[in-house]
Amino acid sequence: MVNRIWQLRMGTGIVATPNDFGVLGERPVNQKLLDWLAVEFVERGWSVKAIDRMIVLSSAYQQVSAADPVKAGIDPDNKLYWRMNRKRLEAELVRDSVLAVSGDLNPRLGGKPIRVPIDREVYDLIFTEGERDGLWPVTPGENEQHRRSLYLLNKRTVRLPLMMAFDQPDTMTSCPARPVSIHALQALSLFNSDFMRGESNRFAARLERECEHDRGCELRRAYKLALARTPRPTEMKMGREFLAGGGNLADLCLAMMNRNEFVYVP
Amino acid sequence: MYPENFKKPPVDDAGASECVCSGGQPAVTRRDALVRAAHGFGALALQYLLARDGYAKARMNPLAAKPQHFPAKAKSVIFLYMVGAPSHVDTFDPKPALKKYEGQQLPPSFGKVPSQFTNGDTPLLASPWTFKKCGQSGIEVSSLFPHFADCVDDVCFVRSFYTESVVHAPAMYQVHTGRILMGYPSMGSWITYGLGSESDNLPSYVVMPQPEGTPEGGTPCWNAGFLPAVYQGTLLRSGPNPILNLKPPAGMTPGRQHATLELLQKMNDLDTPDGDTELAARISSYELAFKMQSHAPEAVDISQESESTRLMYGLDQKHTADFGMRCLLARRLVERGVRFVHLYSGGGPIIMQWDAHKDLVFNHEKMCGHTDQPIAALLRDLKQRGLLDSTLVVWGSEFGRLPMSQSGNGRDHNPHGFTMWFAGGGVKGGQLIGETDEFGLRGVGERYHMRDFHSTILRLVGLDQNQLWYLHNGRHEKLTDFGGKVIDKVVA
């Protein structure tokens, strides 16, 4: 259990094969740490929250992810956590982050799973020998469709392309640790899909509304919302040039949500 | 343990991904390449190409072409999949005994043979079609395949396959992924994982289902299972927008899109330190996506194909136009370096499947009518272009059909013995391997399981079934699970 909590926070487990501590599994990179955490876990009343808090307050967790050539030479895979692992957002978090940034996210808790609109191509993959219509009754109301990805109905044969592209497990076999792959279909879903187009329009509308068409404010706000930081001077210049050259604010928003920095926790 | 030229497949069970993440400098750093080529995009593309060709670390691009485990001729695979199960005793496995004993019960020595809908007590049904010896090899093919009959000298038929499930979906999972349960990587995913891609601007694993609907097993038939998503099958259609989300949504002009992409890449460039292979790979993935935007429509645009080619594939006739188009696209894709093309005949409504529970004559004449001429055209076309040597063509289904009747004029499912065939890349054509009993019920003598089917295909593309593994949940998962036997006689 402590190994799983550690994996969630640090990117890899102390034992890298969390479903397998046996002969085919990896050896722990630091067995004393694992044992100590396990004992702490029991002594703190089996509290996940307590262990989680301890991990995020540790100096190991609070390191930057920047590379160090000397340390990389000794431990290239960062098995001993000399830096923080950079983490790619999980598929669900990519979608949630997009919705949060555009201002559309509905954070309501609980209730039934939701069906969001799917592309025709995906609809056509639902197997039926009979009636072709009504196989995917979409949950009514945009606000409901904008609930967290946790609530997306996950039908094994109807996978959402954005989720699938970003390595969401298929829920058919147990997934101890998600793979992180990088490929062109991710770029296509994140850059060209109707969902992303809609959300970048909303993101732009939000900026215009909140900044009353002040370009500088819009750019700073876009960085604040999407990347949680202020833009550097070069980035301000780049943004201003793009917009002055006829670039569309919604397009800039789309680019912001496609940035490496957006899909990675640095 | 491994031969010298074998590169251990990337293994990852730790979420850290095989693609990148850890240190290690590519031979050409991003900045070097940018400076040398002096213009951003070209340089990034260049580096991607270098990576593909193995100059930079293979980890940079998960689809980089990888060496075969041992030399083999086939570089690409076209899997012609007949959804719903054609009847072997009416196509490629003649059984004169059925004529002789028509209307009688299966002899008691065969035991009770329950299938999905029948109990084995229905009478034997003779094939309504006649068989003729074809080609120099004299292999017998039924009159359902008049065009394909001329190709038999290039084809190796294996008549004694068997599978474990009598129900479509699980049997489909078995022939696609090696297991009767869903959730395992498909053969196309395994082969892409093992060999990478030869194409820089098309997906390496392409799937073309029947427009009327999907096979009963659905998307798990071409999913990557627990392998990283990069190895999943990509659906491809003909027309201007062949891949989902390939084109920007309505209202976004190409100029605007290009400007946006340029902004994105400039911004990404700012945050990408030298030698950061993971972020560089992500930048390259956008390059690839937008190269695909022009190359995928080109790949499916058949306007440059000659009139005789179109006629050969039957694009001028209603019954062959659809499947013929997909066969022609399959040739165009392998020509462009696509590794695995999965092509379905049948899917969706029962009337559009090979699942002849009743009215076998109507069903098989229709489905063979769709596919006979296009399949023959595909084999001939590949041959005349010199591509048949490097392309493995496989024909098959989830199981065969019973020699007994169902509903008087149909046949129920038969997993005990059925035919699939191989042609092209590294296959010794013009031969028959294995046999079924005198009624075509069960494989006899040397019988071949789906594991044997898979290990033979892996062998033909130069992959060793035992070296192609992925650590998942503490198991070295393999396509053939605990191993199949390569059907040696198939291999030339």
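Chain naming here is simple, since letters A, B, ... match the order of the sequence lines and numbering starts at 1 in each.
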Salt bridge flag under 4.0 Å for residues Asp20(A) and Arg475(B): no
Region of Leu235(B) in contact with chain A, defined by heavy-atom distances below 4.5 Å: side chain
Separation between CZ of Phe226(B) and CG of Asp170(A), rounded to the nearest 0.5 Å: 9.5 Å
Which atoms of Gln257(B) approach chain A - backbone, side chain, both or neither, heavy atom under 4.5 Å: both
Per-residue contact mode, Pro215(B) against chain A (heavy atom under 4.5 angstrom): backbone
Check: Asn260(A) side chain, Asn268(B) main-chain N or O, donor-acceptor pair, under 3.5 Å: no
Residue pair Met292(B), Leu188(A): steps toward the side-chain contact (heavy atoms from CB on, under 4.5 Å) verdict: CA-CA 10 Å; Met292(B) 234 184 240; Leu188(A) 293 177; 4.2 Å; yes
Choice from Pro220(B), Pro249(B), Ala169(B), Gly217(B) maximising heavy atom contacts with chain A below 4.5 Å: Pro249(B)
Asn473(B) side chain vs Ser174(A) backbone, donor-acceptor pair below 3.5 Å: yes
Distance, nearest 0.5 Å, that separates CE of Met238(A) from CE of Met267(B): 8.0 Å
Contacting region of Arg232(A) [heavy-atom separation from chain B under 4.5 Å]: side chain
Interatomic distance, Leu471(B) atom CG to Glu26(A) atom CD [nearest 0.5 angstrom]: 7.5 Å
Distance, nearest 0.5 Å, that separates CD of Gln232(B) from CG of Asp167(A): 8.5 Å
Toward chain A, the part of Met352(B) with a non-hydrogen atom under 4.5 Å: neither
Spacing of His183(A) atom NE2 and Tyr231(B) atom OH [to the nearest 0.5 Å]: 10.0 Å
Test side-chain contact (heavy atoms from CB on, under 4.5 Å) applied to Arg282(B) and Tyr264(A), step by step: CA-CA 11 Å; Arg282(B) 199 167 174 273; Tyr264(A) 281 90; 3.7 Å; yes
Which of Ile243(B), Asn223(B), Leu244(B) touches chain A most, by non-hydrogen pairs under 4.5 Å: Leu244(B)
Atom pair CE (Met252(B)) and CG (Asn248(A)), whose distance is rounded to the nearest 0.5 Å: 8.0 Å
